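Position 1 is the first residue of the sequence; numbering continues from there. Atoms within a ligand are numbered from 1 in the order they appear, just like the ligands themselves. Remember, predicted model here, so these are calculated numbers, not experimental data.
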Amino acid sequence: MIGMTAAAAELLEYDEVIAGFDPVMGLEVHVELGTETKMFCGCPTAFGADPNTQVCPVCIGLPGSLPVVNGKAIESAIRIGLALNCSIRPSSVFARKNYFYPDQPKNYQISQYDEPIAYDGHLDVVLPDGTEWRVEIERAHMEEDTGKSLHIGGATGRIHGASHSLLDYNRAGVPLVEIVTRPIVGAGERAPEVARAYVAALRDLLKALDVSDVRMDQGSLRCDANVSLMRKDADEFGTRTETKNVNSLKSVEVAVRYEMRRQAAVLESGGEIVQETRHFHEADGSTSAGRRKETAEDYRYFPEPDLPPVQPDSAWVAELATTLPELPWVRRARIQQEWGVSDEVMRDLVNVGAVDLIIATADAGASPEAARSWWVSFLAQQANTRAVELADLPITPTQVAEIVGLVDEGKLTTKLAQQVAVAVLDGEGEPSQIVADRGLEVVRDDSALQKAVDEALANNPDIADKIRSGKVAAAGKIVGDVMKATRGQADPARVKELVIAACS
Ligand code: ADP
Ligand code: MG
Ligand code: ZN
């Protein structure tokens, strides 16, 4: 592909980028709030409805319609601000951000401008190697989402080459909170990692706050990544580009790295960076030029005349502060302490997405050790062979705890328990039902076991002699045969006792 070779040639090696430049980043994250209704009208916000079935005069901007603020959205915005260590403004106003775009039916977006509801905060994020990085938050403000354009007739779904476009206003007016960082400086070669870790931490935080479903794949969490480079000796920031709507954690990292390499190549060859938005291409991890960036003046911001200022009273804000959940990383540290596992083990548990599953399994009655062992070994293998995420395995923590309980009671051996788990994964029902249906319980009846022991000894006279002469270790083979004969349904410890008793 000509395009790709050309693009590759325009990138500087990462090492050379770092040797010559310091990156500066600014991350703007839009989060769609999980309110039942839109920001300024009563239309529902559910994802995936037929186009233009969730609209009304307010959200499609018909003349004479009047917006009313969604109180739940304000509450969520304040809780987000508090969780990000921001100050909450006692009085903040909405502003009209004026621009024409077909997915924006009013020709302006109601947003906040110079008086955002939350400002001056920070979020401490943990990098993959365990070090902490503080990201300063400039502001978190409320606004409404736009509709969606659908470009028809082209090969790529993009506007270029399309014969016509369709508009879906279901998303127009869905409440958004936009969280904007201060410039992130000094990250050097770790800039892409910091960007990813920040978005990951923010996502976990928003999820813990229960203000959004934070599905990057469905666009309920979107990141715009601003990147610029400074030469090592420069004392001013370089010109930034803004890569829009990067929609996975990995893509955030890839996009920042790509822009660093691309901008460095432009600067090294004597060129200049233009301030512009850029599109991210999932397929090859590249970015391409979008539109020249408007400046704030181009938007002709002015206070929204149809809405009063938002003035949350301080008692309410204080009350909301008491509803903040334990922060995900604080909770993680506490759990690590409780479980007594090393940093590495904990990081692995986090990376495979096992922490919440283990906690839920322990909450359902299993010991933390057993819960951990099930999720990180047997079930992790199952997830692997079934090519799904651990959390998407069709077995619940409650079911795992039930299986662990059956093992603890001595009703199942580990082997049998694994068969039961596989049956649950295969959709055969609840563990106890599977045990009953398949007659999987451990054989407790000594007389049945005695018979199998005697048979195994008779079939292996030389081993039987060894055991009789005191070589107890030789019993393993006999125990194995008995386990086989009972299809794994015997308790191996009990079998061993019977074998030794029979030989003494
Ligand atoms: P815009 O309206 O262009 O989106 P915002 O103020 O909302 O502007 O966001 C700009 C983001 O870029 C902020 O996170 C800010 O910290 C960051 N930023 C500002 N200047 C630079 C720069 N030179 N290089 C990288 N990031 C920058
Ligand atoms: Mg912005
Ligand atoms: Zn509406």
Per-atom contacts, ligand 1 versus E28 - under 4.0 Å to a heavy atom: 4 (O), 7 (O), 9 (O), 10 (C), 11 (C)
Distance under 6.0 Å and angle within 45° of ring axis: R139 vs Y119: no
F237, any N or O under 3.5 Å of ligand 1 N or O: no
Angular separation of SG (C43) and SG (C56) seen from the Zn ion (ligand 3), to 10°: 100°
Any donor-acceptor N or O pair under 3.5 Å, side chains Q112, E143: no
Numbering as shown, the atoms of ligand 1 that approach T181 to under 4.0 Å (heavy-atom distance): 13 (C), 14 (O), 15 (C), 16 (O)
Contacting atoms of ligand 1, where contact means under 4.0 angstrom from a heavy atom of P183: 16 (O)
Validation row, ring centre Y14 to ring centre Y258 under 6.0 Å: no
Single hit among R261, R262, R257 for salt bridge (Lys or Arg N to Asp or Glu O under 4.0 Å) with E259: R262
Any donor-acceptor N or O pair under 3.5 Å, side chains T45, Q54: no
Contacting atoms of ligand 1, where contact means under 4.0 angstrom from a heavy atom of V180: 9 (O), 13 (C), 14 (O)
Pairwise distance CG(L123) to OG1(T181) - rounded to 0.5 angstrom: 10.5 Å
N/O separation below 3.5 Å, S228 to ligand 1: yes
From the candidates R240, Q275, E236, the one that places a heavy atom nearest atom 20 (N) of ligand 1: R240
Residue portion contacting ligand 1 (non-hydrogen atoms closer than 4.0 Å) for R182: backbone
Shortest reach to atom 7 (O) of ligand 1 by a heavy atom, considering only H141, M230, E138, R139: R139
Parallel, tilted or perpendicular: rings of Y301 and Y299 (30°, 60°): perpendicular
Contacting atoms of ligand 1, where contact means under 4.0 angstrom from a heavy atom of E242: 3 (O), 4 (O)
Under 4.0 Å to a heavy atom of L27 - the qualifying atoms of ligand 1, by number: 14 (O)
N226 side chain reached by E28 side chain, heavy atoms, under 4.5 Å: yes
Backbone or side-chain N or O of G238 under 3.5 Å from ligand 1 N or O: yes
Salt bridge (charged side-chain N to carboxylate O under 4.0 Å, His left out) between D145 and R171, worked out: CA-CA 6 Å; D145 211 344; R171 199 180 66 180; 3.4 Å; yes
